[in-house]
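Take a look at the structure below.
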Amino acid sequence: MLIADLHIHSSYSRATAKTLNPENLWLAAQRKGIGLLGTGDFTHPVWLQELEQKLVETGDGAYELNPESARALAAEVPGPCRAPVRFLLSGEISTIYKRHGVTRKVHSLILAPDFAAARRINARLDRLGNITSDGRPILGLDTRDLLELCLDEAPEVIFIPAHIWTPWFSLFGSKSGFDALEECFDDLSGHIHALETGLSSDPAMNWRLSALDRYKLVSNSDAHSPAKLAREANLLTCEPTYPALAHALSSPGGEGLAGTLEFFPHEGKYHLDGHRKCGVRLEPSETRELGGLCPVCGKPLTVGVLSRVEDLADRPEGYLPPNAPNFESIVPLNEVVGEVMQRGPATKGVTQAVEQLLAEVGPELFILRQAPLEELERVGGPVLSEAVRRMRAGEVVLEGGFDGEFGVVKLFTPQEREQLKGQGSLWREAPSTRRQLKKKALTKPEPAPPLLSLAESTGDRLNPEQQQAVAHRGAPLIVRAGPGAGKTRVLVARAAGLVEEGAAPGRVLMITFTRKAAEEMAGRLAGEHPAAALVKVSTFHALGREILAQALGRELVILGETERAALIKELAARFELRPSWAELTLTRLKQQVHPEPEAEIAPLWQAYESALAERGALDLDDLVRRAALALEESADLAHTWGARFDHVLVDEYQDSNQAQVSLLKFLLAGGASLAAIGDPDQAIYGFRGASREGFLRFAQDFPGAMGIGLTRNYRNGEAILQAAQGLLASDPDPGRLSLSAQAGPGVKPVWAELTSPKAEAAWVAAKIVELTGGLDSRQVERGDAGELAPRDIAVLYRLHAQAAPLAQALAQAGIPFQVAGQEPLAETDPLDFKAQRVSLMSMHAAKGLEFAAVFVVGVEEGLLPYQPPNGEPADLGEERRLLYVAMTRAGQSLFLSRAKARSLFGVGGPRAASPLLGDIPTGALRTERVVSRRRARQIDLFA
DNA sequence: TCGGGCAGTCTTTTT
DNA sequence: GACTGCCCGA
């Protein structure tokens, strides 16, 4: 019989023993009696490298410690324990992602057939996330997609959902799992053959689900230290090779896998239900009676494994399937001896006694399972043999674990201990009074924010104003819509409505400002109505390009951004002008169809234009302007494009500039209808020639215009909206709409002041861990868990230069993230577009997006409003709107923060809070006092 | 013609 | 703080 423990961790995983290296694993495996051991953490490149150096292949994907090391270490293995140890490459991956609107956190055990396959899988994972920060990496990837990736790289991969019943991180977990395996793995469900039952459940509990009949049940230790190896394990009758194991775990018959060694499930940390903080432990029936709520704090209970099994079970307790594999419940030897000696399982005396047993009897699992009781009595005394007998017979006293608290298994009653006292060699040790473990006072966690509806609008129905905007026909329409008012929804519904009324979809034009917005819009249109998918969606730039290409009869040569900068730099030097100023000024000029360059720029303007002409090239800004010019110059062209569309819709109208409006007028010349939507309070592209005034001038540009206001905000909690609207009040506008929050009161935005950008980044990372409900179980067990997925969270900054420390802190915390606009450096993976991560992006880039939680960092003087060194004075109004945009991205939670000192472009020193902060009404924010970590540790020590 | 040293510069974005 | 471009000496 071969004992296999396939799920362990290395020292490269969080909260694991530093001694977890190949040599110590080899030693520990023999002491336990394990013949086949997973290496753990093969996804960690450094660990994998160490394994490659220290292990040699024995053929068929199994490895052993190199002979030199084995010889050198042999003396350290107690004689009766010496036996061969084979390794298989194993690892665990944590996926955290949103599926069907619910945050899912699932752990998967993966066995790779050989080093080459492990490296292939790692190469793919490396492109999708951070696999170096932790031996058990966290990826924002759907578990199904992870399986697909593994199958792509190694079709023979063994993929096992890990500890399937634990509440926080598992396939069937009550907090973030699924009700059926197929919900998780979809079309790839057939590739799953085995399930890991975890410490808190045993096979008997799993047999109660007929849905699991077709799966092999395996048990592993998930050890974080050598001592915990094989606390659960598998009994194999097959050869110690990868293919043999793969066969044993997938063959429909029983061959190969004879059974498992199990914890008493009660001893697991999540067997029963309850609240650790409230001291409430409940049986499943009690939980049901209480409606799942804690009788002390009233919040939802942490529902444990037993409850969860009962919820999904379709068979009664005690059901025994035909040909049920065997399983044995065991208690770790140091716990057995600890109880015999009335000492803690990790105390010196117990350790010595265990050592003696290993040296005289054999490996731990042999002692627990097979050693003759007489022999145990001879070495350890009658109490020990009686303890082991009871364990083998299942005569134990159990106290179920709950909400992260381990359960207790007792072999003796106190009276028995008295009676047995004084007998046997192990018993001679004087019992010490058990020290009461002093529990650290838990910091009181903040109340969990009430979940707000993030729905963009009220279900399927449009509100009356939205409806009016959709149904309006005739005169040009301008819709002024605050954040979260359902702009996109109105545009999509309007376009679809026009098509349904009989408009030819190809003659309906939807204009956006970015390609991303265009793509999203096209997707939404396709979802709304099959014919609406044919509506033309384009950016102003793409449209200009199309018009110009037609006018010129050829494809355009467009000067790249770097070439343009180089050219301007060259010319600026010739005319003794600052290149950055020249670039900006040229761009601004080109936002008009007929620019009038002022004297200072005129020579450069002319030189630049002739340089372009010489190359037969255009720059980006030319696309719209030149298209408008071409339409002015050619009546034919103007006629063609004036008749091209029957309906034109424009998104984000506050971003349009004079050249774009001019182009728009040409498109409407043949009588097409116009509907524009936007929010002048979100005009943040003044540097590109767009101004809020352009929006307010709509009625002059398009006479007879009809205006509609959308005032119901479906995105932000009321507290967030109030703070944001308060900010704007410093910039009065009689036309401004007063918005009403539909999503409930929500919680106040948080304001925090940190000492440095690094401290600020660390604070953000810690908050994100909280919001996602912890990324590992230790974090989860600390308190109330948030339920956001990484993709629900964004960190917004004024300058890209702020991204670096944030990225570093998030990487360190193992949070999947992406920095917008600087991805193409690394090779992209086909699964990249599906990966879900925390977004780090500029406030500008965040316009039009929404997130459940938003961090606005660097709310500091000089940074917001940004004051460029020796540049023009900042446009306070525009920067205020920028902060407004940033704040209104947040649905549930908004965090504003600053560093008290920051060095920007080399100049360091203290920095005040942003003057814009003073525009937010006092009381609209909740200031969070942040204690630095060093200080916090001191307080902790003296408490 | 090379390279070391020094001064000047540093947003936000569109195909 | 990091990069570029320019000047100057060898």
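In this text the structure is predicted, and so the values were computed from the model without any measurement. Lettering follows sequence order; numbering is per chain, from 1.
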inquiry  = So, using side chain to side chain donor-acceptor pair (under 3.5 Å) as the criterion, who are the partners of Arg564(A) when residues are at least two apart?
reply    = Thr587(A), Tyr608(A)
message = Run the side chain to side chain donor-acceptor pair (under 3.5 Å) test against Arg588(A) and tell me which residues pass, sequence neighbours left out.
response = none
query = Taking NZ from Lys569(A) and P from dC3(C), how many angstroms apart are they, rounded to a whole number?
reply = 14 Å
query = Please, which pairs that meet ring-ring contact (aromatic ring centres under 6.0 Å, His included) have at least one residue in residues 532-590 of chain A, sequence neighbours excluded?
reply = Phe513(A)-Phe540(A)
key: Between dT11(B) and dT4(C) - P atom distance, rounded Å   = 13 Å
request  = Could you run through nucleotides 8-15 of chain B and give me one letter per nucleotide, 5' to 3': B if any protein heavy atom sits under 4.0 Å from the base, S if only the sugar-phosphate is that close, - if neither?
outcome  = -SBBBBBB
Counting only pairs under 3.5 Å, give me each side-chain donor-acceptor contact of residues 556-563 of chain A, with atom names and distances, residues two or more places apart or in other chains.
| from | atom 1 | to | atom 2 | distance (Å) |
| --- | --- | --- | --- | --- |
| Glu563(A) | OE1 | Gly560(A) | N | 2.8 |

ask   = What salt bridge (charged side-chain N to carboxylate O under 4.0 Å, His left out) pairs are there with at least one residue in residues 589-604 of chain A, not counting sequence neighbours?
value = Lys590(A)-Glu609(A), Lys590(A)-Asp619(A), Lys590(A)-Asp622(A)
